> 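Just dropping this structure here.
Since we're looking at a predicted model, the values are computed, not measured.
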Amino acid sequence: MALETAMKTEDTSFLKDPELLSGALIDVAKHLGNLTFRVWEKMLGMVQYTPVTMDPNTAHAYLSLSYDLTTVRDTDTAQNCPDNPERFYPCLNVLGSEGFTSGKHSWEVKVGNKPKWDVGVVKESINRKGDITYSPERGFWVIRLRDGDKYSAAGGTDLTLKRKPQSIRVQLDYDRGEVSFFNSSDMSLIYTFKHTFTERVFPFFSPCLRDGGRNDEPLKICPVKVSVTVTSSQ
């Protein structure tokens, strides 16, 4: 509908102009040629696409999600939501809205200057109630930050980073059994988990506690640029 509306509003008033000079030809090709494609090009500048979104039905009651389900933060206040089995409690976690059982998938999470956060991939059957221990054996392929400079991978592996990342790229290759993490600014590898997946897996996010206002920044899934490739047909 948006494309049709844009096309209808495209300036075609020249077709109705009664004051054209006698004998003048209208350059119809100039005005109408590839009209649909030109409108689509304009629309690309207005549309943002995020490869994954968050599932509000899994979010801890203290978490607030943006209207487009791409941003999450701790509010210190319980939201009015049911205590359904899918919802995390008491841990401040939320899952992606779409799970994966094959293929390659990637997304970037803006972590900014938060002193603590958790991001990664988890299997669908993880425990969502009570205390949670991150480990690959329990279905958590997650990295986390604590105290502003202490990075670790699920299972207790300490990580040494050359620079503090502002955003993390999570890359899942389900068929090869790999979950990799990169610093988005230079695509330097942070860590790779290797595992044979046997069930659906989901993106995983935790902004962690606000910590008295010291950890107020949200986690945000970054939009990706949409492009069009033009090929010629023979």
Side-chain angles (χ1 to χ4, degrees), residues 1-3 43-75 77-89 91-112 114 116-128 132 134 139-145 154 165-174 178-184 193 197 199-210 215-228:
M1 290 298 296
L3 180 59
M43 290 181 66
L44 286 179
M46 300 182 289
V47 175
Q48 286 193 332
Y49 166 73
T50 49
V52 300
T53 56
M54 300 175 190
D55 181 359
N57 292 328
T58 67
H60 184 284
Y62 277 19
L63 297 181
S64 174
L65 274 60
S66 60
Y67 73 94
D68 61 357
L69 305 180
T70 63
T71 301
V72 59
R73 62 172 12 110
D74 174 32
T75 64
T77 304
Q79 313 292 310
N80 185 19
C81 54
D83 184 21
N84 49 297
E86 298 85 2
R87 193 176 305 282
F88 284 97
Y89 181 84
C91 297
L92 299 184
N93 304 331
V94 60
L95 298 185
S97 58
E98 180 183 1
F100 307 111
T101 56
S102 64
K104 296 179 180 180
H105 311 273
S106 63
W107 56 95
E108 292 188 9
V109 184
K110 182 179 179 181
V111 296
K114 289 174 65 63
K116 53 185 177 181
W117 46 258
D118 309 333
V119 297
V121 173
V122 299
K123 67 180 183 181
E124 186 172 20
S125 62
I126 58 168
N127 178 33
R128 305 188 191 190
I132 294 175
Y134 293 168
F140 289 84
W141 302 280
V142 174
I143 65 170
R144 65 182 192 172
L145 171 65
Q166 293 293 299
S167 63
I168 301 292
R169 181 182 179 90
V170 184
Q171 188 166 292
L172 165 68
D173 188 330
Y174 190 100
E178 293 182 352
V179 180
S180 298
F181 301 85
F182 302 85
N183 183 336
S184 298
F193 290 100
F197 300 117
E199 63 178 273
R200 190 182 305 272
V201 298
F202 287 81
F204 176 86
F205 313 89
S206 176
C208 298
L209 289 167
R210 290 182 63 245
N215 191 35
D216 265 343
E217 285 188 68
L219 289 181
K220 179 177 177 57
I221 302 170
C222 302
V224 298
K225 184 177 181 180
V226 181
S227 61
V228 172

> Please check if the number of heavy atoms outside Lys110 that lie under 6.0 Å from its NZ is greater than 12.
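Result for NZ/Lys110: open.
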
> How long is the gap from OG1 on Thr58 to CG on Asn93, to the nearest 0.5 Å?
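If I round to the nearest 0.5 Å, the distance is 8.5 Å.
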
> Using side-chain contact (heavy atoms from CB on, under 4.5 Å), reason through Leu172 and Trp141 one step at a time and then give a plain yes or no.
CA-CA 10 Å; Leu172 165 68; Trp141 302 280; over 6 Å; no

> I'd like to know if the side chain of Ser206 reaches the main chain of Leu92, judged simply by a donor and an acceptor atom lying under 3.5 Å from each other, with no hydrogens or angles considered.
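Yes, the answer is positive, given that a donor and an acceptor are paired below the 3.5 Å cut-off.
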
> Any side-chain heavy-atom pair from Val94 and Phe204 closer than 4.5 angstrom?
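A side-chain contact under 4.5 Å is absent here.
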
> Regarding Thr70 and Thr53, do their side chains bring together a donor and an acceptor under 3.5 Å, going by distance alone?
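Checked: Thr70/Thr53 side chains show no N/O donor-acceptor pair below 3.5 Å.
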
> Decide side-chain contact (heavy atoms from CB on, under 4.5 Å) for Glu178 and Phe193; before the verdict, give the C-alpha distance in whole Å, the side-chain angles of both, and the deciding distance to 0.1 Å.
CA-CA 6 Å; Glu178 293 182 352; Phe193 290 100; over 6 Å; no

> Are Asp55 and Phe202 packed together at the side-chain level, in the sense that at least one heavy-atom pair is separated by less than 4.5 angstrom?
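Asp55 does not reach Phe202 side chain to side chain.
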
> Quick one: does any side-chain atom of Gln79 pair with a main-chain N or O of Thr77 as donor and acceptor, under 3.5 Å?
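Between the backbone of Thr77 and the side chain of Gln79 there is a qualifying donor-acceptor contact (under 3.5 Å).
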
> Is a salt bridge present between Glu108 and Arg169, judged by a nitrogen-to-oxygen distance below 4.0 Å?
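Here Glu108 pairs with Arg169 in a salt bridge, since their nearest N and O are under 4.0 Å apart.
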
> Would you say Ser106's side chain and Gln171's backbone share a donor-acceptor pair under 3.5 angstrom?
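Here the side-chain-to-backbone pair does not exist.
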
> Between the side chains of Arg210 and Asp216, is the shortest nitrogen-to-carboxylate-oxygen separation below 4.0 Å, so that they form an ion pair?
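The answer is yes: the pair qualifies as a salt bridge.
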
> Do any N or O atoms from the side chain of Ser167 and from the backbone of Val109 form a donor-acceptor pair under 3.5 angstrom?
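No: the side chain of Ser167 does not pair with the backbone of Val109.
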
> Does Asp74 form a side-chain contact (heavy atoms from CB on, under 4.5 Å) with Tyr62? I'd like the steps, not just the answer.
CA-CA 6 Å; Asp74 174 32; Tyr62 277 19; 3.5 Å; yes

> Considering only heavy atoms from C-beta outward, does the side chain of Pro207 approach that of Leu63 to under 4.5 Å?
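Yes, at least one pair of side-chain atoms sits under 4.5 Å.
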
> Less than 4.5 Å apart, side chain to side chain, heavy atoms only: is that true for Arg200 and Lys123?
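The answer is no, as the side chains (C-beta and beyond) never meet within the 4.5 Å cut-off.
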
> Check whether any side-chain N or O of Arg87 sits under 3.5 Å from a backbone N or O of Pro82 as a donor-acceptor pair, and report yes or no.
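Indeed, once roles are kept as given, a pair shorter than 3.5 Å links the two residues.
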
> Once rounded to the nearest 0.5 Å, what's the spacing between atom NZ of Lys220 and atom CZ of Arg73?
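Those atoms lie 10.5 Å apart.
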
> Between Asn215 and Lys114, is there a side-chain donor-acceptor contact under 3.5 Å, judged purely by atom types and distance?
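The criterion, which ignores hydrogens and geometry beyond distance, is satisfied for Asn215 and Lys114.
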
> With a 4.5 Å cut-off on side-chain heavy atoms, are Val142 and Phe205 touching?
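Not touching, per the 4.5 Å side-chain cut-off.
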
> Are Ser184 and Gln166 close enough that a side-chain donor and a side-chain acceptor fall under 3.5 Å?
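The answer is no; no qualifying pair exists.
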
> Could you check whether Tyr174 and Phe197 have their ring centres less than 6.0 Å apart?
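Close enough - the centres of the two rings lie under 6.0 Å apart.
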
> Residues in side-chain contact (heavy atoms from CB on, under 4.5 Å) with Ile168, at least two apart?
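Per chain and number, Ile168 pairs via side-chain contact (heavy atoms from CB on, under 4.5 Å) with Val111, Trp117, Val119, Ile143, Pro165, Val170, Phe181, Ile190.
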
> My understanding is that only residues two or more places apart in sequence, or in another chain, count here; which of them pass side chain to side chain donor-acceptor pair (under 3.5 Å) with Asp118?
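For Asp118, the residues satisfying side chain to side chain donor-acceptor pair (under 3.5 Å) (neighbours in sequence not counted) are Tyr134, Arg146.
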
> Provide the closest heavy-atom pair for Pro56 versus Met54 in the form atom of the first, atom of the second, distance.
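Looking at all heavy atoms of both residues, the closest pair is CD-O, 3.3 Å.
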
> Sequence neighbours excluded, which residues qualify as side chain to side chain donor-acceptor pair (under 3.5 Å) partners of Asn127?
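Checked Asn127 against side chain to side chain donor-acceptor pair (under 3.5 Å); zero matches.
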
> Hey, do the aromatic rings of His60 and Phe88 have their centres closer than 6.0 Å?
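Distance test on ring centres: not under 6.0 Å, no.
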
> To the nearest 0.5 Å, what is the distance between CD1 (Ile221) and CH2 (Trp107)?
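Rounded to the nearest 0.5 Å, the CD1-CH2 separation comes out at 9.0 Å.
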
